[in-house]
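By convention here, the first residue in the shown sequence is residue 1.
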Amino acid sequence: MKTAIYPGSFDPVTYGHIDIIERAAKLFDRLIVLVSTNPTKPPTFSPAQRVDFLQRSLRKSLTTPEVNIEIDCHSGLFIDYFKKRGANVIVKGLRAMSDFEYEFQMALLNKDMCLGAETVFLSANVASMFLSSSAVKQIAQFGGDISAFVPHQIADDITNHLSTRSG
């Protein structure tokens, strides 16, 4: 059984993330979407909020008979989680060459720490190539409409949270 893990901060989840999740779920027997902590980027939303956003955004995908997506959270070294879950593949989404440079370096580090860790890169679709969680947060913080960038189930929560923080 091929188990893949798609790690990310998902702070917040965007349509770009959703696209990668749905495509990766078709490629592997099981896909774990892992909300992880990046110590160099303080999160805007708590891990519990980010898991909730993913669950609500993927509700339709999570309730189909052939469900193979699991959402989890981890704050330690990713490769330790990867080994513990018996995974085979790491999924990474790429928007631009700058993403590739960083993700390629991480793929090599993960491979060095765990010989069986293969990384698969999925390119962003053209519609979401420009999209980032940081851009979504900035638009929402200034009262802009983010409905084209994030699932409707979470758009108001993101906007309300950010307007309260900047308020």
Side-chain angles (χ1 to χ4, degrees), residues 1-62 64 66-137 149-151 154 158:
M1 178 149 124
K2 290 286 183 194
T3 298
I5 301 177
Y6 177 33
S9 57
F10 306 106
D11 190 37
V13 62
T14 68
Y15 280 129
H17 296 123
I18 301 292
D19 175 60
I20 298 292
I21 291 166
E22 290 175 345
R23 288 168 42 213
K26 293 175 185 173
L27 297 173
F28 303 101
D29 299 315
R30 183 170 70 161
L31 176 67
I32 301 169
V33 180
L34 183 66
V35 172
S36 56
T37 303
N38 181 342
T40 64
K41 283 194 316 191
T44 300
F45 299 96
S46 72
Q49 286 173 305
R50 291 180 276 153
V51 166
D52 176 60
F53 286 171
L54 279 160
Q55 288 172 335
R56 288 193 283 149
S57 299
L58 294 167
R59 184 164 286 138
K60 185 176 177 184
S61 299
L62 296 172
T64 59
E66 64 280 349
V67 170
N68 67 336
I69 300 171
E70 176 185 337
I71 300 167
D72 202 1
C73 188
H74 180 71
S75 62
L77 187 62
F78 167 75
I79 205 67
D80 291 340
Y81 180 89
F82 180 87
K83 292 176 191 175
K84 182 176 116 187
R85 294 304 304 262
N88 314 93
V89 177
I90 302 163
V91 173
K92 292 303 218 158
L94 299 176
R95 294 171 299 184
M97 281 305 291
S98 57
D99 286 347
F100 178 76
E101 291 173 19
Y102 173 77
E103 296 299 352
F104 185 69
Q105 180 183 13
M106 293 306 300
L108 294 174
L109 285 168
N110 286 326
K111 185 82 165 163
D112 189 63
M113 291 185 283
C114 177
L115 196 55
E118 295 294 342
T119 301
V120 171
F121 299 104
L122 296 179
S123 60
N125 67 30
V126 175
S128 62
M129 201 165 265
F130 64 91
L131 191 54
S132 71
S133 294
S134 298
V136 167
K137 289 186 283 193
F149 312 124
V150 300
I154 64 172
I158 294 166

[X] side, atom [atom1]; [Y] side, atom [atom2] - distance, nearest 0.5 Å:
X      : Y      : atom1 : atom2 : result
Thr3   : Met1   : OG1   : CE    : 4.5 Å
Leu58  : Ile21  : CG    : CD1   : 5.0 Å
Leu54  : Asp72  : CG    : CG    : 11.0 Å
Ser133 : Phe149 : OG    : CZ    : 12.5 Å
Arg50  : Ile154 : CZ    : CD1   : 12.5 Å

Checklist entry - Which of parallel (below 30°), tilted (30 to 60°) and perpendicular (above 60°) describes Phe53 and Phe45? => result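 It falls in the perpendicular class, over 60°.
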Item to check | Parallel, tilted or perpendicular: ring planes of Phe10 versus His17, cut at 30 and 60 degrees | outcome: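 Phe10 and His17: perpendicular rings.
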Item to check | ring pair (Phe, Tyr, Trp, His ring centres under 6.0 Å) partners of residues 18-39, not counting sequence neighbours, each pair once | outcome: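 Qualifying pairs, neighbours excluded: none.
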Less than 4.5 Å apart, side chain to side chain, heavy atoms only: is that true for [X] and [Y]?
X     : Y      : answer
Tyr81 : Leu34  : yes
Ile90 : Ile5   : no
Arg85 : Ile32  : yes
Val33 : Val13  : no
Ile18 : Pro151 : yes
Phe78 : Ser36  : no
Pro43 : Thr37  : no
Asn68 : Asp29  : no

Shortest non-hydrogen contact from [X] to [Y]?
X      : Y      : result
Val150 : Thr14  : CG1-CA, 4.2 Å
Lys137 : Pro12  : CG-CD, 3.7 Å
Met113 : Lys83  : O-NZ, 3.3 Å
Ala124 : Met129 : O-CE, 3.5 Å
Leu31  : Val91  : CD1-CG2, 4.4 Å
Ile79  : Ala117 : CD1-CB, 4.0 Å

Checklist entry - Any ion pair linking Asp52 and Arg56 (charged N to carboxylate O, less than 4.0 Å)? => result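 Judged by the 4.0 Å cut-off on N to carboxylate O distance, Arg56 and Asp52 do form a salt bridge.
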Next on the checklist: Any carboxylate oxygen within less than 4.0 angstrom of a Lys/Arg side-chain nitrogen, looking at Asp11 and Lys41?
Outcome noted: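 Salt bridge: no.
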List, one per line, each side-chain donor-acceptor pair under 3.5 Å for residues 100-108, sequence neighbours excluded.
unit_1	atom_1	unit_2	atom_2	d
Glu103	OE1	Lys92	NZ	3.3

Checklist entry - Are any side-chain N or O atoms of Arg23 and backbone N or O atoms of Ser123, one a donor and one an acceptor, separated by less than 3.5 Å? => result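 Yes; at least one donor-acceptor contact below 3.5 Å.
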Checklist entry - Is a side-chain donor or acceptor of Lys2 paired with a backbone partner of Leu27 at a separation under 3.5 angstrom? => result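 No; judged by distance alone, with no hydrogens or angles, the pair does not exist.
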